[in-house]
Protein chains: 2
Amino acid sequence: MAKPEIIKSVTEILHKYMEQNKLRKTQERFQILKFIYDWDRHFDVDDLYNHLKESGFAVSKATVYNTLELLLEAGLIRKHHFRNNTSYYEKSYFNHSHDHVIFLDEEGNVKEIVEFCDPRIDSIKADLEKILDINITGHDLYFYTKSKK
Amino acid sequence: MAKPEIIKSVTEILHKYMEQNKLRKTQERFQILKFIYDWDRHFDVDDLYNHLKESGFAVSKATVYNTLELLLEAGLIRKHHFRNNTSYYEKSYFNHSHDHVIFLDEEGNVKEIVEFCDPRIDSIKADLEKILDINITGHDLYFYTKSKK
DNA sequence: TTCGTTGCAAAGGATTTGCATATTC
DNA sequence: GAATATGCAAATCCTTTGCAACGAA
């Protein structure tokens with residue numbers, strides 16, 4: 001699917017989500033969604049806030065936080081913690097479920113992120129659900145390396 | 001190994017680590033290490049700070065932070081992020097490498113933690129190292145559930 | 001018009017930092 | 001005695017909250 005179609009599609013998903021939950025369809029929410037899906041990277045709140053500002057669509061940081069929370073609940077983005085105190089986000093639709101290899105520099109800062117898929121995770125998950133008699137709602141798997149890329 | 005022996009052993013490891021790195025052997029550092037290894041649970045900074053205070057061995061929060069950082073570098077504890085903004089820690093010596101299932105309540109607070117081991121993680125790791133030609137230094141794998149335990 | 005959302009600034013929680021004091025070496 | 005670690009408080013970073021103004025329904 002080409003990018004404009006993806007954006008159209010996630011926009012519709014957000015429309016439906018807001019109708020179902022009786023939320024208001026503000027410009028800010030749709031613009032932020034569009035910016036995220038136009039961008040091919042993982043980002044933190046400041047990255048997104050600055051990107052919006054530089055693109056001439058400044059919104060308050062509170063709105064960035066509110067909207068990210070909304071998009072998370074709508075299942076349109078995912079949130080990550082890479083061994084530091086900052087939350088990172090990424091789009092999640094039309095984007096296979098995947099895990100991450102995090103490349104760290106000397107100071108432990110995130111230098112690069114590589115995605116991978118491995119079906120063995122799903123089999124571990126299925127086994128745990130059976131053994132513990134629980135329903136697993138999600139997982140986070142991060143491998144860390146200091147190798148240069 | 002019985003607990004007193006474990007504590008003796010990790011104490012020696014810390015002694016060596018401090019000698020190798022020309023760090024000072026303060027009471028606080030050894031006491032905190034002992035408290036952690038006497039305790040069978042995952043904890044955050046406040047849990048440990050309060051535990052020390054209630055046990056009549058009060059130290060400042062800055063010292064708790066500093067010492068946890070030191071113990072991390074010495075490989076004597078591990079640090080985790082369970083989808084919230086708090087860091088959790090656990091002892092890591094004489095304690096198999098393992099991963100975690102996190103039980104969350106309605107508000108997303110950590111209610112319970114179950115540990116598990118699965119060799120499939122190591123095989124995924126080995127494959128990634130080969131494919132990406134990197135050296136993986138560690139990983140974090142967390143499964144999340146809202147089931148009651 | 002109504003009521004949810006935005007924006008701003010203040011508050012909050014976790015962690016770090018600066019500096020005087022205490023302690024190890 | 002020299003130099004590092006501790007303790008306290010202030011500072012910082014990330015995130016949440018309160019409230020007036022705005023805008024969608």
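Below, chain A is the first sequence line, B the second, and so on; all start at residue 1.
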With five pairs defining each end axis, the helix from dT1(C)-dA25(D) to dC25(C)-dG1(D) comes out bent, to 10°, by 30°

Atom CG of L48(B) and atom C1' of dA14(C) are separated, to the nearest Å, by 15 Å

Residue set satisfying side-chain contact (heavy atoms from CB on, under 4.5 Å) with T145(A), at least two apart, ordered chain then number -> V101(A), F103(A), S147(A), I134(B)

When rounded to the nearest 0.5 Å, the distance separating CG of D127(B) from CD1 of I136(B) is 9.5 Å

Checking K79(B), H98(B), R41(B) against E90(B) for side-chain hydrogen bond (donor to acceptor under 3.5 Å, both in side chains), the one that qualifies is H98(B)

Separation of dA10(C) atom P from K61(A) atom NZ, nearest Å, is 16 Å

Expected list for residues 66-81 of chain A near DNA chain C, using heavy atoms below 4.0 Å, is none

Atom CG of N21(A) and atom C1' of dG4(C) are separated, to the nearest Å, by 14 Å

Residue pairs passing the salt bridge (Lys or Arg N to Asp or Glu O under 4.0 Å) test with at least one member in residues 22-33 of chain B, sequence neighbours excluded, are E19(B)-K25(B)

Taken to the nearest whole Å, CG/L52(A) to C1'/dG7(C) is 14 Å

Separation between OH (Y144(B)) and CD1 (I102(B)), nearest 0.5 Å, reads 5.5 Å

Contacts of K16(B) meeting side-chain contact (heavy atoms from CB on, under 4.5 Å) (sequence neighbours excluded), chain-then-number -> none

Show the atom names and distances, to 0.1 Å, of all donor-acceptor pairs under 3.5 Å that link a side chain in residues 65-76 of chain A to residues at least two apart or in another chain.
from: N66(A); atom 1: ND2; to: A62(A); atom 2: O; distance (Å): 3.3
from: T67(A); atom 1: OG1; to: T63(A); atom 2: O; distance (Å): 2.8

Rounded to whole Å, CD of E28(A) lies from P of dG4(C) at a distance of 17 Å

Separation of dA14(C) atom C1' from Y88(B) atom OH, nearest Å, is 12 Å

Hits for side-chain contact (heavy atoms from CB on, under 4.5 Å) against Q20(A), two or more places apart or cross-chain, chain-then-number order -> none

Scoring nucleotides 18-25 of chain C by protein non-hydrogen atoms under 4.0 Å (B base, S sugar-phosphate only, - none) yields -----BBS

Hits for ring-ring contact (aromatic ring centres under 6.0 Å, His included) against Y142(A), two or more places apart or cross-chain, chain-then-number order -> H80(A), F82(A)

Counted 5' to 3', the first and last nucleotides of DNA chain D within 4.0 Å (strictly under) of a heavy-atom of chain A are dC14(D) to dA25(D)

With sequence neighbours left out, the residues meeting side-chain contact (heavy atoms from CB on, under 4.5 Å) with S123(A) are R120(A), R120(B)

H81(A) meets the ring-ring contact (aromatic ring centres under 6.0 Å, His included) criterion, sequence neighbours left out, with H81(B)

Value for NZ (K91(A)) from CG (D40(A)), rounded to nearest 0.5 Å, stands at 4.0 Å

* Let me see the working for N50(B) and F43(B) under side chain to side chain contact (heavy atoms under 4.5 Å, CB included), right down to the final yes or no. => CA-CA 11 Å; N50(B) 292 325; F43(B) 54 89; over 6 Å; no

